[in-house]
Amino acid sequence: MTDYSDFRSDTVTRPTKKMRECMAKAVVGDDVLGDDPTAQELEKLSAEIMGKEAALFIPSGIMGNAIAVKIWTQELDEVIVEERSHIYNMESTQMTFISRVQPRPLPSDRGAMDPHVVEENIRKPNVHIPRTSLICLENSHNNWSGSVVGIENVRSIKEIADRHNLKLHMDGARIFNASHAAGIPVKEFAEMADSLMFCLSKGLSAPIGSMLVGPKDFIDFGRRIRKVLGGGMRQVGIIAAAGIVALTDMTERIKEDNARAKRLAAAIAKFPGIVLNPDEIDTNIIIFDLDHPQYGIPDFLEKLNVQRILALPTRGGIRFVTHKDVDDTDVDKVIAAFQSILGS
Ligand code: TLP
């Protein structure tokens, strides 16, 4: 794959040299027994960065979201989710499978649900219907082409949640992308959420892992649920060491991914058959549709593949994601490929 320009996802990023060095040197212990100092350091650092009481290192983003739903809900409950959200569409119904609760998907303006609509959809207590207990938001929003859900929208929804005694969980898989784009510290987004999950394994380039942050009793219970789900990892400091480098060295670099996506979007939007508004690209994800007499999405992806460019078919068309392991040369290669396939 080395000669490919791989824009399928920021999950393809490889660990940095420093990550590998720190992994090799990591002091480890049995984390399930509570004595891996490196995992504990990563959890402490994550909690500090997000301004929360505690944090839990989890193997994947989905497990973090699943633990949060499990803790904040009871069977027979309902969870308000945005209709294109990852938690609703791309987590193989973890919510119903693990927590036995029902999602209530709501429409949005590029990921931002109307607070009034959210409030209208909170169920009134009644024996026939589920109880609403949780609202989930996603920031940045993957399936809305990496859009940022603005802090004012998040704040309004949090106020509603508080007024109705509901919890708010944020899927912040790419919260650092959202934070840079909005010019708002991650802490401010986290403050609006009772719990937040963010990924180390995406733009931050760690090989594995995500973090769940929230109140101490929530995280203590989360640790038990992680174990039950098979996520108790033993000498996990080896991986946590890379996570520490991700948080200390890699968060500022995320700006470059956002900027590169804007440049790429502006260039490819000009080609005939590309349905894309480049002004809507806030962060590192570009989703565009194809309206071309000659090519459907599979043919177009195949043409790109021949030129050693990888992208993903997704809801709404084709997805390109910028990240550490694609640079300006890769972006130029994509623009040249579009030129050769589509003309001008
Ligand atoms: N997203 C992956 C795929 O599932 C599509 C990707 O390549 O973008 N929340 C959001 C918003 C995500 O985008 C993802 C991963 C997750 C949660 C789940 O993270 P993992 O893959 O670590 O379980």
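None of these values were measured; they are calculated from a predicted model. Atoms within each ligand, like the ligands themselves, are counted from 1 in listed order.
With a 4.0 Å cut-off on non-hydrogen atoms, Ser60 touches ligand 1 through its backbone as well as its side chain. At a heavy-atom cutoff of 4.0 Å, ligand 1 is contacted by no atom of His141, backbone or side chain. The proximity of Asn142 to ligand 1, defined as any non-hydrogen pair under 4.0 Å, is limited to the side chain.
The environment of Asp291 atom CG is sparse: at most 12 non-hydrogen atoms of other residues, nucleotides or ligands sit within 6.0 angstrom.
Close approach to Ser9 involves these atoms of ligand 1, each under 4.0 Å from a residue heavy atom: 6 (C), 7 (O), 8 (O). Residue Arg319 approaches ligand 1 through these ligand atoms, each under 4.0 Å from one of its heavy atoms: 6 (C), 7 (O), 8 (O).
Of the candidates Arg8, His86, Met90, Met63, the one placing a heavy atom closest to atom 12 (C) of ligand 1 is His86. Nearest-residue assignment for atom 15 (C) of ligand 1 (options Glu138, Lys202, Glu91; heavy-atom criterion): Lys202.
Between Ser133 and Asp77, the side chains place a donor N or O and an acceptor N or O closer than 3.5 Å (distance only, hydrogens not considered).
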Audit row: Ile175, Asn139, side-chain contact (heavy atoms from CB on, under 4.5 Å) steps and yes/no:
CA-CA 6 Å; Ile175 194 68; Asn139 221 357; 4.2 Å; yes

Report the C-alpha separation of Arg20 and Lys17 in whole Å, then their side-chain angles, then the decisive distance to 0.1 Å, and conclude whether the side-chain contact (heavy atoms from CB on, under 4.5 Å) test is met.
CA-CA 5 Å; Arg20 286 181 183 273; Lys17 187 163 173 279; 5.9 Å; no

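Atom OH of Tyr88 and atom CD of Glu82 lie 10.5 Å apart (nearest 0.5 Å).
Between Phe189 and Phe198, the gap from one ring centroid to the other reaches at least 6.0 Å.
Looking only at protein heavy atoms, the nearest one to atom 9 (N) of ligand 1 is Asp171 OD2, 2.6 Å. The protein atom (non-hydrogen) at minimum distance from atom 22 (O) of ligand 1 is Gly61 N, 2.8 Å. Taking atom 23 (O) of ligand 1 as the reference point, the nearest protein heavy-atom neighbour is Ile62 N, 2.9 Å.
Remark: distances from the non-hydrogen atoms of Arg315 to ligand 1 are all 4.0 Å or more.
Checked by distance only, ligand 1 and Ala173 stay at 3.5 Å or farther apart across all their nitrogen or oxygen atoms.
One finds no salt bridge joining Lys262 and Asp282 here, because no Lys/Arg side-chain nitrogen approaches an Asp/Glu carboxylate oxygen to under 4.0 Å.
Within the structure, the salt bridge (charged side-chain N to carboxylate O under 4.0 Å, His left out) test picks out the following pairs touching residues 302-312 (sequence neighbours left out): Asp3-Arg308.
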